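One structure is given here, and the rest of the page talks about it.
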2 protein chains.
Amino acid sequence: MSIQARRERERAERERAIISTARDLAESEGWDAVTTRRLAAEIEYSQPVLYSHFKGKDAIMAAVAVEGFGNLADDLTTARADATDPRRTVADVAAAYVSFAERRPALYDAMFTLAVELPFASQEVPVDLARGFAQLAEALRPFAGDDDLETFTETFWSGLHGLVTLMRNGRLRRAGHERRLALLVDRFARLG
Amino acid sequence: MSIQARRERERAERERAIISTARDLAESEGWDAVTTRRLAAEIEYSQPVLYSHFKGKDAIMAAVAVEGFGNLADDLTTARADATDPRRTVADVAAAYVSFAERRPALYDAMFTLAVELPFASQEVPVDLARGFAQLAEALRPFAGDDDLETFTETFWSGLHGLVTLMRNGRLRRAGHERRLALLVDRFARLG
DNA sequence: CCGCCATCCTAGCACCGCTAGCCATCTTGC
DNA sequence: GCAAGATGGCTAGCGGTGCTAGGATGGCGG
């Protein structure tokens with residue numbers, strides 16, 4: 001029994017290694033550098049081992065994305081916990097969101113741009129995604145007014161996501177970044 | 001001289017065929033289906049011909065994107081021309097933007113998600129992109145208030161882009177789509 | 001101790017973007 | 001009118017991709 005336990009433990013460790021290696025590789029050299037051959041070499045196993053853990057490369061990226069949703073939720077939770085004034089809370093949570101996307105662009109891509117379908121089939125992604133979403137929603141609650149809070153939050157979230165993605169693809173002037181964020185926050189964190 | 005003119009004309013036609021075939025193929029089967037082999041077969045020439053027109057596949061996608069910026073600018077121009085009431089104008093232009101993104105997702109991707117670098121190196125993209133941007137800006141002008149109009153427009157545009165991309169990737173509930181759009185418009189098309 | 005079984009690796013498939021080099025055709029200069 | 005050169009398109013192939021079939025290997029249970 002103990003032997004089997006060790007095997008399962010080693011296997012779980014290896015799966016963790018695959019995910020974190022894929023993430024590190026993507027963050028340091030971009031997702032183009034994350035090939036199954038490269039990934040296999042990095043974890044010091046052969047290619048087919050990857051396929052005994054994941055259905056394919058997409059599933060690996062999806063696993064990385066899942067981890068990312070947890071990280072993002074943590075960041076947003078911290079940001080909200082530190083804040084006091086309601087309006088300031090929205091600004092801080094929004095800043096944390098943007099900061100996350102800028103500090104970890106490859107991870108953010110895996111979560112929102114690539115791996116379109118996969119993560120939402122599983123059960124656990126909505127959990128961490130909802131956790132992050134809830135932080136945004138709670139920060140925004142005082143300002144939702146007559147609007148449905150969930151709809152309100154989704155719309156604000158879209159604004160953040162749009163700022164982040166257009167900015168990173170060079171569709172927006174780098175200069176006005178802070179001003180745009182402040183403007184967005186101002187439009188949503190006001191009464192009436 | 002006439003012979004050379006015919007040659008150049010034929011060559012230009014072929015270049016047009018490459019671009020429009022790539023666009024059609026992407027719109028009907030997705031960008032994954034747009035391979036250089038497939039594209040060459042579709043235009044009934046061999047692969048290397050593509051490379052006598054474009055530097056590589058990315059350049060072809062960029063050319064498709066350029067065309068897309070023109071289409072989008074046309075749509076937004078039409079939407080603004082038809083409108084009367086300032087607030088309604090913003091709503092209509094925004095609706096035209098979202099409609100474009102939903103009707104032509106592959107084209108929209110080429111413009112804003114894929115082909116990150118290329119189109120902005122050339123001269124003509126900013127022209128059509130700026131043309132579309134200007135339509136948004138003019139619609140929003142009455143509501144910018146103390147904010148810089150360009151920054152204001154960029155922020156609203158980001159909101160639209162976020163709505164569209166998150167929606168299409170399944171990160172937002174399909175149900176609340178119209179309400180989110182209306183909410184975004186309401187937050188930006190108000191005085192004070 | 002031996003046969004079984006799981007595990008992992010080697011080798012290869014079909015496809016990708018891209019390019020070198022040949023071959024035919026068409027133009028040009030004599 | 002004809003040879004020589006230039007041009008343009010093609011065939012074939014390179015190195016890479018994600019993924020998989022099938023064989024070797026090493027530890028386990030009887």
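As the structure is a prediction and not an experimental result, all values here were calculated from the model. Proteins get letters first, then strands, A, B, ... in listed order; numbering begins at 1 in each.
Rounded to whole Å, atom P of dA11(C) lies 19 Å from atom OH of Tyr51(A). The separation between His53(A) atom NE2 and dT20(D) atom P is 16 Å, rounded to whole Å. Separating the CG atom of Leu50(A) from the C1' atom of dC8(C) is a distance of 12 Å, rounded to the nearest angstrom. Per the geometry, CD1 belonging to Ile60(A) stands 10 Å off C1' belonging to dG18(D), to the nearest Å.
For Thr36(B), the side chain to side chain donor-acceptor pair (under 3.5 Å) partners are Gln47(B), not counting sequence neighbours. Applying the salt bridge (Lys or Arg N to Asp or Glu O under 4.0 Å) criterion to Arg38(A), with sequence neighbours excluded, gives Glu29(A), Glu42(A). Remark: Arg179(B) pairs with Asp148(A) by the salt bridge (Lys or Arg N to Asp or Glu O under 4.0 Å) rule, at least two apart or across chains. Residues satisfying the salt bridge (Lys or Arg N to Asp or Glu O under 4.0 Å) test with Glu15(B), not counting sequence neighbours, are none.
Within the 4.0 angstrom heavy-atom criterion, only backbone atoms of the sugar-phosphate kind lie near Arg14(A); the bases stay farther away.
Listed candidates were dG18(D), dC8(C), dG17(C). Nearest to the side chain of Lys57(B) is dG17(C). The nucleotide whose nearest atom lies closest to any side-chain atom of Pro48(B) is, among dG18(D), dC18(C), dC10(D), dC10(D).
Classified by interplanar angle (parallel below 30°, tilted 30° to 60°, perpendicular above 60°), the ring pair Tyr97(A)/Tyr108(A) is perpendicular.
DNA chain D lies under 4.0 Å from at least one heavy atom of each of the following residues of residues 18-45 of chain B: Arg37(B), Tyr45(B).
With hydrogens and angles ignored, a donor-acceptor pair closer than 3.5 Å exists between the side chain of Gln47(B) and the base of dC18(C).
Applying the salt bridge (charged side-chain N to carboxylate O under 4.0 Å, His left out) definition to pairs two or more places apart or across chains, none involves residues 76-86 of chain A.
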